[in-house]
S.K.: 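This structure is in structure tokens; I'll ask about it shortly.
Throughout, residue positions are numbered sequentially from 1 according to the sequence presented. FYI, side chains are in, hydrogens and waters are out, and symmetry mates aren't considered; it's all heavy atoms of this structure.
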Amino acid sequence: MDRYSEFKKRLLSLCEEEEQIKSVILIGSQCRDVCKADEYSDIDIVISCDTPEKLLYDNEWINRLGKPIYSFVEDTIAGEKERRLLFEGSLDADLIIMTDENLKKALSLHMVDEIMNRGYKLFFDRSGISDYLGGINTIDDKTYTPMFESEFANLVNDFLFHTVWAEKKINRGELWTAIMCINGYLKGKLLQIIEMYEHAVNGNDYDTWHCGRMLEQWADEKITNELSGCFARYDAEDLRFALNSTKKLFIELAKVCAEKYGYTTGASEIDN
């Protein structure tokens, strides 16, 4: 059963009645062939219209889609804005809203490939946006490009520097600062090396999604098991344990990557 069927009916009605709305494209789990929408999924929509502010900041049109409980606006791709809403019935809608001109430009320059390459559905078209959809690079066209050796060395040094920095914060008693580094900044660096490792082992065509999405499905089981010890509670000893676990895992994976890609710069720092 499609939880969003009534929402989509109301959206189509709104599009047909408001000539300012030029096109609507559904993206995300509602359109994917793998990891399809389930009971927890939201609905992701790209909308082009003459006055994006009407949907971003005004509730006149939004109220015709449902009764919003929570709503906020944030930055997203290509310098555009996204309005995220939770409607009654726990219906979660993410609306990326831009002018028709900007959407066509973004499609032409492949600026939205990353959010559309796993599948999309043209839901409404008043402006001929369909003519711009044929050139989207799908996930099958995407190949991982290993970072340059200098980039790898910079990543390793950045990571190791911040392990020392975080330890100092723990010792000083700045637990908030330490935990934000360990659970946040360092995890971003760890994710980079996890992705790199998976490609080094499985090939450049291996699908690692983006931003850690579905990591439990594409990362080696040994990695996901070790991650349980890499995230800290707000406690000095737990922070030290998580920091050491994160460092250990990063170094293990980085060594494999350095050997696989023949890097020497950055490799010496790993061994210290």
Side-chain angles (χ1 to χ4, degrees), residues 1-16 21 23-49 52 55-56 59 61-78 80-98 103 106-107 110-125 129-130 133 136-142 187-188 191 194-195 198 206-219 221 223-224 227-228 231:
M1 179 180 177
D2 184 357
R3 295 176 61 239
Y4 290 90
S5 59
E6 289 301 317
F7 177 89
K8 287 188 281 190
K9 288 179 182 178
R10 292 192 289 269
L11 176 59
L12 181 59
S13 176
L14 176 65
C15 293
E16 290 173 340
I21 299 177
S23 66
V24 176
I25 304 170
L26 304 183
I27 59 175
S29 60
Q30 303 290 338
C31 307
R32 287 200 298 258
D33 292 327
V34 295
C35 297
K36 297 180 179 181
D38 58 22
E39 60 183 305
Y40 306 108
S41 296
D42 59 6
I43 185 168
D44 299 286
I45 307 171
V46 179
I47 300 176
S48 71
C49 58
L55 280 168
L56 284 170
N59 281 338
W61 288 355
I62 293 298
N63 288 336
R64 290 161 66 179
L65 300 176
K67 183 178 180 180
I69 300 173
Y70 305 121
S71 170
F72 65 98
V73 175
E74 64 182 16
D75 294 329
T76 184
I77 55 165
E80 301 295 339
K81 299 288 186 181
E82 177 179 21
R83 184 166 184 179
R84 308 188 67 177
L85 299 120
L86 182 68
F87 291 97
E88 284 186 331
S90 193
L91 298 180
D92 180 357
D94 294 348
L95 313 181
I96 299 174
I97 305 164
M98 63 184 80
L103 177 56
L107 288 167
H110 299 280
M111 298 166 68
V112 290
D113 281 5
E114 186 169 343
I115 66 168
M116 297 179 66
N117 59 13
R118 294 183 185 276
Y120 63 88
K121 179 180 179 181
L122 181 57
F123 183 80
F124 180 81
D125 187 9
I129 204 73
S130 59
L133 296 175
I136 294 174
N137 292 319
T138 67
I139 193 63
D140 295 330
D141 301 322
K142 188 177 180 180
K187 290 306 178 291
L191 178 59
I194 291 173
E195 292 172 344
E198 292 296 338
Y206 189 67
D207 188 4
T208 56
W209 285 71
H210 65 284
C211 301
R213 289 295 308 277
M214 308 298 176
L215 182 143
E216 294 75 16
Q217 298 183 26
W218 54 258
E221 185 177 0
I223 293 174
T224 56
L227 284 174
S228 63
F231 289 84

S.K.: Which heavy-atom pair separates Trp218 from Tyr206 by the least distance, and what is that distance?
M.R.: O-OH, 2.7 Å
S.K.: To the nearest 0.5 Å, what is the distance between NE2 on His210 and CG on Asp207?
M.R.: 10.5 Å
S.K.: Check whether any side-chain N or O of Gln30 sits under 3.5 Å from a backbone N or O of Asp42 as a donor-acceptor pair, and report yes or no.
M.R.: yes
S.K.: For the CD atom of Glu80 and the OG atom of Ser48, what is their distance to the nearest 0.5 Å?
M.R.: 10.5 Å
S.K.: Would you verify whether the NZ or CZ of Lys8 falls within 45 degrees of the ring axis of Phe123 while also being under 6.0 Å from that six-membered ring's centre?
M.R.: no
S.K.: As an exercise, state the distance from CG of Leu14 to CD1 of Ile47, rounded to the nearest 0.5 Å.
M.R.: 8.0 Å
S.K.: Answer yes or no: is there a side-chain heavy-atom contact under 4.5 Å between Val112 and Val46?
M.R.: no
S.K.: Looking only at heavy atoms, what is the nearest atom pair of Leu56 and Ile97, with distance?
M.R.: CD2-CD1, 3.9 Å
S.K.: Return yes if some donor-acceptor pair links the side-chain N/O of Asp44 with the main-chain N/O of Gly28 below 3.5 Å, else return no.
M.R.: no
S.K.: Would you call Phe124 and Leu12 a side-chain contact if the rule is heavy atoms closer than 4.5 Å?
M.R.: yes
S.K.: Looking at Ala93, is its backbone amide N or carbonyl O close enough to the side chain of Tyr4 to form a donor-acceptor pair, meaning the two atoms are under 3.5 Å apart?
M.R.: no
S.K.: If you measure from CG on Asn59 to NZ on Lys67, what distance do you get to the nearest 0.5 Å?
M.R.: 12.0 Å
S.K.: Show your working on side chain to side chain contact (heavy atoms under 4.5 Å, CB included) between Thr76 and Asp94 and close with a plain yes or no.
M.R.: CA-CA 11 Å; Thr76 184; Asp94 294 348; over 6 Å; no
S.K.: Quick one, Ile43 and Arg3 - any side-chain contact, counting heavy atoms below 4.5 Å?
M.R.: no
S.K.: Tell me, yes or no, whether the heavy-atom count around Glu74 atom CD, taken from other residues, nucleotides or ligands under 6.0 Å, exceeds 12.
M.R.: yes
S.K.: CZ of Arg118 to CH2 of Trp209: how many Å apart, nearest 0.5 Å?
M.R.: 4.5 Å
S.K.: Quick check: do Ser71 and Ile62 have side-chain heavy atoms less than 4.5 Å from each other?
M.R.: no
S.K.: How far does OH of Tyr70 sit from CG of Asp92, to the nearest 0.5 angstrom?
M.R.: 12.0 Å
S.K.: Looking only at atom types and distance, does a side-chain atom of Asp125 sit under 3.5 Å from a main-chain N or O of Ile129, one as donor and one as acceptor?
M.R.: yes
S.K.: Please give me the minimum heavy-atom distance between Leu65 and Arg10, naming the atom from each residue.
M.R.: O-NE, 2.7 Å
S.K.: Got Glu195 and Leu191 here, is their nearest side-chain heavy-atom distance under 4.5 Å?
M.R.: yes
S.K.: If you define the side chain from C-beta out and look only at heavy atoms, does anything of Ile69 sit under 4.5 Å from Glu88?
M.R.: yes
S.K.: Is a side-chain donor or acceptor of Arg83 paired with a backbone partner of Leu55 at a separation under 3.5 angstrom?
M.R.: yes
S.K.: Quick one: does Ile25's side chain get under 4.5 Å of Leu133's, heavy atoms only?
M.R.: yes
S.K.: Looking only at non-hydrogen atoms, find the nearest pair between Leu122 and Val24 and report the distance.
M.R.: CD1-O, 3.7 Å
